[in-house]
2 protein chains.
Amino acid sequence: MKQNELKNQDGLTESEFLQQYDPSSYQRPSVTVDMLIFTVTDEERANYRKLSEKTLKLLLIKRGDHPDMGQWALPGGFVRFKESVEEAALRELREETNIDQVYMEQLYTWGDVNRDPRTRVISCSYMALVDRGSLNVQAGDDAVDAGWFGVEYEVVQEQRQLIADGLRREKLVKITLSHETVQLSALVKLVEIREGRVCKVEREILESRGIGFDHAKIIEYAIERLRNKLEYTDIVFNLMPEAFTLSELQQVYEVILGRPLLAAAFRRKIAPMVEETKRFTKNAGHRPSRFYRFNPLWLSREQE
Amino acid sequence: MKQNELKNQDGLTESEFLQQYDPSSYQRPSVTVDMLIFTVTDEERANYRKLSEKTLKLLLIKRGDHPDMGQWALPGGFVRFKESVEEAALRELREETNIDQVYMEQLYTWGDVNRDPRTRVISCSYMALVDRGSLNVQAGDDAVDAGWFGVEYEVVQEQRQLIADGLRREKLVKITLSHETVQLSALVKLVEIREGRVCKVEREILESRGIGFDHAKIIEYAIERLRNKLEYTDIVFNLMPEAFTLSELQQVYEVILGRPLLAAAFRRKIAPMVEETKRFTKNAGHRPSRFYRFNPLWLSREQE
DNA sequence: TCAATAGTGTCTATTAGACAGTATACC
DNA sequence: GGTATACTGTCTAATAGACACTATTGA
């Protein structure tokens, strides 16, 4: 940015203006990042020839200090004055997972006034997708414990209602998070009101068992985004190892979308995104499956 | 949030902890909102029987003080300590356009360290779509002038390049903004690097003529989002008056997407989103066109 | 009558869903 | 041989692109 020689109403040039500018003259909110770190894991096989099932997992930290001490929350922390928001997110990611070569994207910024009892906190959420193989988790510094929670997302109620000059849609989503013996859950209400031309979506936490702050809302949002992007981008491959079978890939889609897919159609759709390898699975108790890898020449449409 | 009777490492309960918590102990960034307020206007008709052309317009404010005094920038301002980020956006919108019943959505939060020479500023951008009819613009308080700028978006170069273990895509976008005799322009470079599983998109401003701060980048991002959402949601109707013809609607699509559409396919696709009225255009110099209105029963897929 | 737009019909290509049918390992 | 998965073929339905064709007005 070039310096500006114009003088403002007080007769100051840009550099004079900046010299007298006092940033401490009003109260500022704090800014944090919240990380939604997802991965997919294999569960135990029920029997030697069955495929192992996949589970979508989310990393949570047990809060070791106030506020919401003892509850589980998204990893995250304050954005430092001299780092960008993205750098803060990468730093948190590294602190929690010990890796930094991962896919990460910004989700949404949560700006309500009373999100945190300490002070006014605006939080910018990021979603990271990591492949289980490259992972070696450790608890963050201010956390008693960290855990990968299995994620379940269920729409328990859906309503549509005509109102004056528009429509109101309501959806109740139950989110269940489980890790060893710990089970957390939340009920999030999504309301979409359309009145005339105004359309507004609001999220409200009706119940939050063991999940700190307003993080249930953020988790709900992230799962929706993940599901949507799964369908029109190639982000899945961030959850996969270097080589994978198409059945595994399909399982990952199914566990994230929460519904079964037809193999034939799935393979057709996925075909241009992957390339064959010469390797096959072994000792499966059934027909071996070919390994594929991501085809980087695949052209995704521009995102977002 | 319930108070917590647990004691932390210092032996404090939650309420004791909050009492001794000092939020002023470290330096904080400022948070602002930047508003991308779009509308579509009719240009003069070239001849009595031609249709008038549509133009996509964006509201910009001429900066009346440092920094970037004299340049044009997105309307916006600081988020106050006791208002939510969304409230701040609505407030700015009201200050600029004098209306508050409009469509608005959060776009992205820009968190680089040196975005603003005054101090560290994190900016949360919002897009608002308004219909020209309900509009009566006035300049904001700290602005010398406000103007609706015609928006042109042109991809001037596109490159794909194989790199070790991945792909690099580069796109140069030229944005031109014009209002009366003022013409602003910017060249934004978009780089998408895909190395192994890591995928990153970065935006860089190569040239910015008359556009303040890093706003050219934000404008580029907003236009991309607007284009994408046009295709899979019903946001167009926020840019339309209560009643409109399908040709007008198609024109709006065309001017935003920057390419012509085939009428037959367009009508088929749009059909379930609109409902007929009994009114027709008059004195057009050609066959009259039926007016339609938005059908609020149309079910958009869940957004984002 | 004709310029200019409004609106429809239909052929084709592509894609998603459904499901049957074949292939192949390992116990 | 039987089980469980891998993978293909094909019918159908839905949708998008292309383009020709008909309809309707005001000057």
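Convention: sequence-line order gives letters A, B, ...; per-chain numbering from 1.
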Atom CG of A:L261 and atom P of C:dA18 are separated, to the nearest Å, by 11 Å

In whole angstroms, the gap separating P of D:dC7 from CD1 of A:I270 amounts to 14 Å

When rounded to whole Å, the CZ to P distance for the pair A:F280 and C:dC26 reads 13 Å

Ranking B:Y292 and A:R259 by the position along DNA chain C of their nearest nucleotide, the one closer to 5' is B:Y292

note: A:K269, atom NZ; C:dA18, atom P; distance rounded to Å ~ 14 Å

Checking D:dA6, C:dA6, D:dG17 against the side chain of B:L51 (C-beta onward), the nearest is C:dA6

Report task. With heavy atoms under 4.0 Å as the rule, sort A:L246 into base, sugar-phosphate or nothing. Result -> nothing

Separation of C:dA18 atom P from A:F266 atom CZ, nearest Å, is 16 Å

Of the candidates C:dG7, C:dC27, C:dA6, the side chain of B:R290 sits closest to C:dG7

**Message:** Please determine whether any donor N or O and acceptor N or O are separated by less than 3.5 Å between the side chain of A:R287 and the base of D:dA6.
**Reply:** yes

Taking any heavy-atom pair under 4.0 Å as a contact, classify B:A264: base, sugar-phosphate, or nothing. base

Polar pair under 3.5 Å, donor/acceptor by atom type, side chain A:R268, base C:dG17:
yes

Does C:dA4 have OP1 or OP2 under 4.0 Å away from a side-chain N or O of B:N47?
yes

**Study point:** N-O pairing of B:R160 and B:E158 below 4.0 Å
**Key:** no

Output for pair (A:Y108 OH, A:L36 CG), nearest 0.5 Å, gives 14.5 Å

From CZ of A:R267 across to P of C:dT22 the rounded distance in Å is 18 Å

- When the ring centroid of A:F266 is compared with that of A:Y253, is the distance short of 6.0 Å? yes

To the nearest angstrom, the CG-C1' distance between A:N283 and D:dT5 comes to 15 Å

Between CG of A:L262 and P of C:dT15 the distance, given in whole Å, is 18 Å

Among the nucleotides D:dC7, C:dA25, C:dA4, whichever has the atom closest to the side chain of A:H286 is C:dA25

**Prompt:** Is any NZ, NE, NH1 or NH2 atom of the basic residue among A:K229 and A:E231 found under 4.0 Å from an Asp or Glu carboxylate oxygen of the other?
**Reply:** no

Examine D:dT5: is either OP1 or OP2 under 4.0 Å from a nitrogen or oxygen in the side chain of A:S289? Give yes or no.
no

Any base atoms under 4.0 Å from B:K50, or only sugar-phosphate, or nothing? Heavy atoms, all strands. sugar-phosphate

* Considering only heavy atoms from C-beta outward, does the side chain of B:L226 approach that of B:I235 to under 4.5 Å? -> yes

